[in-house]
Amino acid sequence: MSADQQLLLPLALLALQASLCRGACVEVDSDTEAVVNEGFKLSCISCKKRGEVPAEASVRWTFRARGENESTPLYSYQNLAGDTIDPRFYERLHWNGSKNTRDLQDGSIYILNVTYNDTGTYQCTFNRILLYPNYRSGTNTTKNITIHVVPQLTRGLASILSEVMMYVSIIGLQLWLLVEMIYCYRKISAAGEEALRESASRKNSRWLP
């Protein structure tokens with residue numbers, strides 16, 4: 001193995017690991033305080049447990065306003081199309097999740113011009129079908145988010161902890177990828193040095209009487 005090849009292999013591994021890092025899925029809890037008359041993102045992320053298995057998913061949202069006893073359908077997203085069901089949110093609700101894929105992992109939505117009437121409990125349900133070669137397997141994931149609408153934002157402890165945990169997860173993943181890259185690089189280097197020694201040994205043997 002030449003010196004150029006030994007240099008290119010680690011760079012190729014680094015590029016591969018970087019692409020994997022960008023595609024990582026991290027489940028982060030939604031914020032719970034919305035400011036009146038501003039926009040607000042309702043985050044709902046459900047990462048696949050088997051990342052190598054293709055899947056199709058749909059997302060369904062319901063809403064139970066403060067003081068109400070029952071939840072009502074709010075929004076649904078499937079087959080690359082979203083539909084606002086609750087008339088209280090017409091023209092104010094937009095899809096803010098995974099784009100251009102049926103393999104949804106981010107089912108977030110965005111509310112425009114938040115009002116005090118938007119205070120309540122939102123429920124997000126992922127219906128996912130894992131597409132194995134010979135069969136299909138369905139899974140459901142449900143998350144509840146209770147939103148309080150306030151005159152101005154006051155950053156709470158839960159929001160700070162969620163952001164810290166997100167950065168800790170990202171840094172931990174990058175460190176793990178770095179360790180894997182170093183391990184692979186050492187194996188490749190050791191194999192290259194062994195090949196060079198064997199090549200030199202064969203050359204020397206040819207010159208021996």
Any pair with a residue in residues 68-80 that passes salt bridge (charged side-chain N to carboxylate O under 4.0 Å, His left out), sequence neighbours left out, goes on the list, sorted by first then second residue, please.
Glu68-Arg88
After noting the C-alpha distance and the side-chain angles of Gln123 and Thr142, does the key distance pass the side-chain contact (heavy atoms from CB on, under 4.5 Å) rule?
CA-CA 7 Å; Gln123 186 177 84; Thr142 299; 3.4 Å; yes
Applying side chain to side chain donor-acceptor pair (under 3.5 Å) as the test, list every pair that has at least one member in residues 53-67; sequence neighbours left out.
none
Is the backbone of Lys48 close enough, under 3.5 Å, to the side chain of Gln105 for a donor and an acceptor to pair up by distance?
yes
For Tyr90, I'd like to know if atom OH has over 12 heavy atoms of other residues, nucleotides or ligands within 6.0 Å.
yes
Can Val149 be reached from Leu112 by stepping across I, L, V, M, F, W or Y side chains whose heavy atoms are under 4.5 Å apart?
no
Are Ile170 and Leu175 connected into the same hydrophobic cluster when the rule is that any two of I, L, V, M, F, W, Y join if their side-chain heavy atoms are below 4.5 Å apart?
no
Other than Ile45, which residues form its hydrophobic cluster under the rule that side-chain heavy atoms must be closer than 4.5 Å?
none
With a 4.5 Å limit on heavy-atom distance, are the side chains of Leu93 and Ile111 in contact?
yes
Any pair with a residue in residues 73-85 that passes side chain to side chain donor-acceptor pair (under 3.5 Å), sequence neighbours left out, goes on the list, sorted by first then second residue, please.
Asn79-Arg102
What are the two closest non-hydrogen atoms of Phe126 and Ser46, and how far apart are they?
CD1-CB, 3.5 Å
Heavy atoms only: give me the nearest Ile145-Ser43 pair and the separation to one decimal.
CD1-O, 3.2 Å
Not counting sequence neighbours, which residues clear side chain to side chain donor-acceptor pair (under 3.5 Å) with Asn37? List them please.
none
So, Ser108 and Asp106: side-chain donor and acceptor under 3.5 Å apart, yes or no?
yes
Going by disulfide (SG to SG under 2.5 Å), name the pairs with one or both residues in residues 33-83, residues two or more places apart or in two chains.
Cys25-Cys47, Cys44-Cys124
Salt bridge (charged side-chain N to carboxylate O under 4.0 Å, His left out) contacts in which one or both residues fall within residues 114-130, not counting sequence neighbours:
Arg92-Asp118
Is it the case that one hydrophobic cluster holds both Tyr110 and Val36, taking links as side-chain heavy atoms less than 4.5 Å apart, direct or via other members?
no
Walk me through whether Met181 and Leu177 qualify under side-chain contact (heavy atoms from CB on, under 4.5 Å).
CA-CA 6 Å; Met181 185 185 69; Leu177 292 175; over 6 Å; no
Are Val150 and Phe40 connected, step by step, through hydrophobic side chains (Ile, Leu, Val, Met, Phe, Trp, Tyr) whose heavy atoms are closer than 4.5 Å?
no
Do Ile85 and Leu74 touch side chain to side chain, with heavy atoms closer than 4.5 Å?
no
Atom CZ of Arg136 and atom CG of Leu130: how far apart are they, to the nearest 0.5 Å?
11.0 Å
Could you walk me through whether Asn127 and Asn140 pass the side-chain contact (heavy atoms from CB on, under 4.5 Å) test, one step at a time?
CA-CA 5 Å; Asn127 296 307; Asn140 292 327; 2.5 Å; yes
Test side chain to side chain donor-acceptor pair (under 3.5 Å) applied to Thr121 - qualifying residues, sequence neighbours left out
Thr146
Rounded at 0.5 Å granularity, tell me how far CD in Gln152 sits from CD in Glu33.
10.0 Å
Taking all non-hydrogen atoms of both residues into account, name the closest pair between Ile147 and Ala34 and its distance.
CG2-CB, 4.0 Å
What pairs with Tyr122 under ring-ring contact (aromatic ring centres under 6.0 Å, His included), at least two apart in sequence or on another chain?
Phe63
Between Leu104 and Ser98, what is the shortest heavy-atom contact and its length?
CD2-CB, 3.8 Å
Quick one: list whatever passes side chain to side chain donor-acceptor pair (under 3.5 Å) with Glu38, sequence neighbours left out.
none
Walk me through it: do Ile188 and Tyr185 pass the test side-chain contact (heavy atoms from CB on, under 4.5 Å)?
CA-CA 5 Å; Ile188 293 169; Tyr185 174 74; 5.6 Å; no
Sequence neighbours excluded, which residues qualify as side chain to side chain donor-acceptor pair (under 3.5 Å) partners of Asn113?
none
My understanding is that only residues two or more places apart in sequence, or in another chain, count here; which of them pass side-chain contact (heavy atoms from CB on, under 4.5 Å) with Tyr135?
Tyr132, Ser137
